[in-house]
Amino acid sequence: MWPRVFEISLGAWLAVSPFVFEYDLDGDRFLWWNSHLCAAAAIAAALASFSPRLERAHAVTVAVGLWLVATGYLFVPFSGPVPPEYQNFVMVGWLLVMFAVLPSRSATPPRAWEDWWRERRRG
Amino acid sequence: MPEILEDKARTPVPALDAVPEPWNYNPSAWPQRVRVSLLAAVGFLVAAYMGLYQLGLIRDVWDPVFGDQTLKVLDSDASHRMSRWMRVGDSLFGSLAYLGDIVFAMAGSTRRWQYRPWLVVLFGIDVIPLGIVSVILVITQGFVVQAWCFLCLVSAAISLGLIFLAYDEVWSSLKFLRRVWVRSGGDLGVWWRVLWGKPHDAAVRAGEDIVKWREH
């Protein structure tokens with residue numbers, strides 16, 4: 001489950017980012033909401049993945065990560081410098097994608113293979 | 001079916017420590033992958049250190065050979081252009097790639113070349129093409145900027161070292177995927193599902209084909 005633990009940690013960082021980067025509350029509504037909603041989604045998906053029925057919930061976080069990376073391209077002009085808040089989004093986004101593609105039980109082969117072998121032995 | 005190496009408590013899948021062709025060791029074994037991770041961790045620290053400079057968090061970068069040429073490289077137009085494409089400093093992006101090497105090296109069983117080919121392929125893409133591109137970028141940057149950066153060269157050397165340490169596992173996985181293609185009679189659907197870690201007879205036979213050391 002270690003990838004899920006990293007996702008939760010990254011989500012926590014994203015949730016406190018508005019305070020670390022001192023977002024301007026009046027001007028940066030989007031930044032504020034984006035940080036908190038993405039953090040909530042990543043943490044919720046990671047926690048949900050602990051339940052056997054929602055094992056693959058962390059796939060949601062791949063989309064969240066790609067969205068965070070995309071914000072750096074969509075909302076910042078290409079010519080100028082990238083503001084720290086958006087650099088943070090891009091970095092955290094890539095990190096989330098990196099972890100979120102990993103399965104929760106990765107030290108053993110996929111469950112489908114385990115079931116397959118169990119079946120084959122029984123038959 | 002004999003299963004000497006099977007660890008029944010953890011998984012019903014037999015012989016996770018099998019040795020795939022053309023090696024005489026298992027390239028997916030933990031010591032192999034930990035080695036990659038340790039070297040990538042050094043690469044990460046080197047790149048992240050230069051990333052701190054590009055973020056403006058430190059004012060100087062250590063360079064015992066080329067002196068302040070390092071700063072010329074890190075502040076060059078070539079570097080800024082790459083940073084603009086990646087949206088973060090190019091060193092920082094490099095550190096991200098090294099971190100990816102560690103993360104992708106540490107996930108998966110000791111027979112992941114067969115049971116999670118996608119993971120080995122992803123790991124291979126991060127280490128090999130990305131590594132080669134970064135080495136080429138570092139070298140061309142040196143010629144374009146007319147300045148050299150010691151830690152950039154160290155990072156390039158680490159990238160090459162990582163390719164050397166990691167290519168064996170990627171090779172076995174690709175060889176396995178090729179065998180799956182042959183064993184399935186060229187069935188793209190089967191091949192695709194096996195790539196993503198789904199079980200199939202063709203994958204078992206392909207695995208047996210390239211495992212040298214058999215469980216008897």
Side-chain angles (χ1 to χ4, degrees), chain A residues 1-7 10 21 56 58-59 62 65 68-123, chain B residues 1 3 6-16 28 30 48 51 54-57 80-81 83-89 92-93 95-104 106-119 122-123 126 193-194 196-201 203-204 207:
Chain A
M1 298 307 288
W2 58 268
R4 307 294 85 82
V5 176
F6 280 103
E7 286 156 26
L10 286 164
F21 292 91
R56 291 183 187 267
H58 58 90
V62 178
L68 283 170
V69 173
T71 57
Y73 292 86
L74 294 174
F75 304 115
V76 181
F78 221 70
S79 46
V82 183
E85 297 88 336
Y86 282 96
Q87 291 196 37
N88 183 45
F89 283 163
V90 172
M91 285 297 281
V92 173
W94 281 124
L95 287 167
L96 281 175
V97 172
M98 209 182 268
F99 288 107
V101 295
L102 298 177
S104 293
R105 298 164 56 256
S106 70
T108 48
R111 189 159 289 149
W113 267 109
E114 294 191 333
D115 293 343
W116 192 90
W117 277 105
R118 224 176 260 128
E119 202 58 38
R120 180 163 170 168
R121 216 164 268 140
R122 226 178 274 136
Chain B
M1 195 170 303
E3 304 125 17
E6 182 190 356
D7 184 354
K8 284 207 183 74
R10 287 178 64 236
T11 173
V13 178
L16 289 187
S28 295
W30 283 112
Q54 288 187 323
L55 282 176
L57 294 174
H80 286 164
R81 191 170 315 124
S83 301
R84 221 168 25 243
W85 290 338
M86 299 158 187
R87 309 269 81 184
V88 290
L92 225 48
F93 198 79
S95 71
L96 212 52
Y98 282 122
L99 202 63
D101 293 345
I102 301 175
V103 169
F104 298 141
M106 295 313 280
S109 72
T110 52
R111 198 166 170 165
R112 62 178 192 159
W113 57 266
Q114 176 174 358
Y115 294 125
R116 282 197 180 94
W118 65 271
L119 186 51
L122 189 61
F123 169 67
D126 197 350
R193 285 197 297 279
V194 171
W196 292 104
K198 297 281 176 272
H200 195 276
D201 266 320
V204 174

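This structure is a prediction, so every number in the text was calculated from the model and none was measured. Hydrogens, waters and symmetry mates are skipped; everything else that's a heavy atom, side chains included, is used. Below, chain A is the first sequence line, B the second, and so on; all start at residue 1.
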query: What's the verdict on side chain to side chain contact (heavy atoms under 4.5 Å, CB included) for A:Leu95 and B:Leu96, showing C-alpha distance, side-chain angles and the deciding distance?
result: CA-CA 8 Å; A:Leu95 287 167; B:Leu96 212 52; 3.7 Å; yes
field: Smallest separation among heavy atoms of A:Ser106 and B:Arg116, with atom names
entry: O-NH1, 3.4 Å
message: Checking A:Phe75 now: which residues fulfil side chain to side chain contact (heavy atoms under 4.5 Å, CB included) with it, not counting sequence neighbours?
response: A:Phe30, A:Trp67, A:Thr71, A:Tyr86
field: side chain to side chain contact (heavy atoms under 4.5 Å, CB included) assessment of B:Val204 paired with A:Trp116
entry: CA-CA 11 Å; B:Val204 174; A:Trp116 192 90; 3.2 Å; yes
query: More than 12 foreign heavy atoms under 6.0 Å from CZ of A:Arg105: is that the case here?
result: yes
query: Under a 4.5 Å cut-off applied to non-hydrogen side-chain atoms, are A:Arg120 and B:Asp201 in contact?
result: yes
task: Might you point out which heavy atoms bring B:Pro12 and A:Trp117 nearest each other, and give the distance in Å?
output: O-CB, 3.9 Å
- prompt: Hey, which of A:Arg111, A:Arg118, A:Glu114 has the most heavy atom pairs under 4.5 Å with chain B?
  reply: A:Glu114
message: Less than 6.0 angstrom from the centroid, inside 45 degrees of the normal: does B:Arg87 satisfy that with respect to the ring of A:Tyr73?
response: yes
message: For B:His80, which atoms come within 4.5 Å of any heavy atom of chain A: side chain, backbone, both, or neither?
response: neither
Contacting region of A:Val69 [heavy-atom separation from chain B under 4.5 Å]: neither
- prompt: What part of A:Pro77 is in contact with chain B, defined as an atom under 4.5 angstrom from a non-hydrogen atom: side chain, backbone, both or neither?
  reply: backbone
message: Check this for me: A:Trp94, atom CH2, are more than 12 non-hydrogen atoms of other residues, nucleotides or ligands nearer than 6.0 Å?
response: no
- prompt: Picking from A:Thr108, A:Val90, A:Leu102, which has the most non-hydrogen pairs under 4.5 angstrom with chain B?
  reply: A:Thr108
query: Side chain, backbone, both or neither: which part of B:Trp85 has an atom under 4.5 Å from a heavy atom of chain A?
result: both
query: Mind checking whether B:Pro14 and A:Arg121 have side chains closer than 4.5 Å, heavy atoms only?
result: yes
- prompt: Most heavy-atom pairs under 4.5 angstrom with chain A, which of B:Ser109, B:Gly89, B:Pro199?
  reply: B:Pro199
Contacting moiety of B:Leu99, where chain A heavy atoms sit under 4.5 Å: both
field: B:Leu92 portion near chain A, given a 4.5 angstrom heavy-atom threshold
entry: both
field: Atom pair OG (B:Ser95) and CE (A:Met91), whose distance is rounded to the nearest 0.5 Å
entry: 4.5 Å
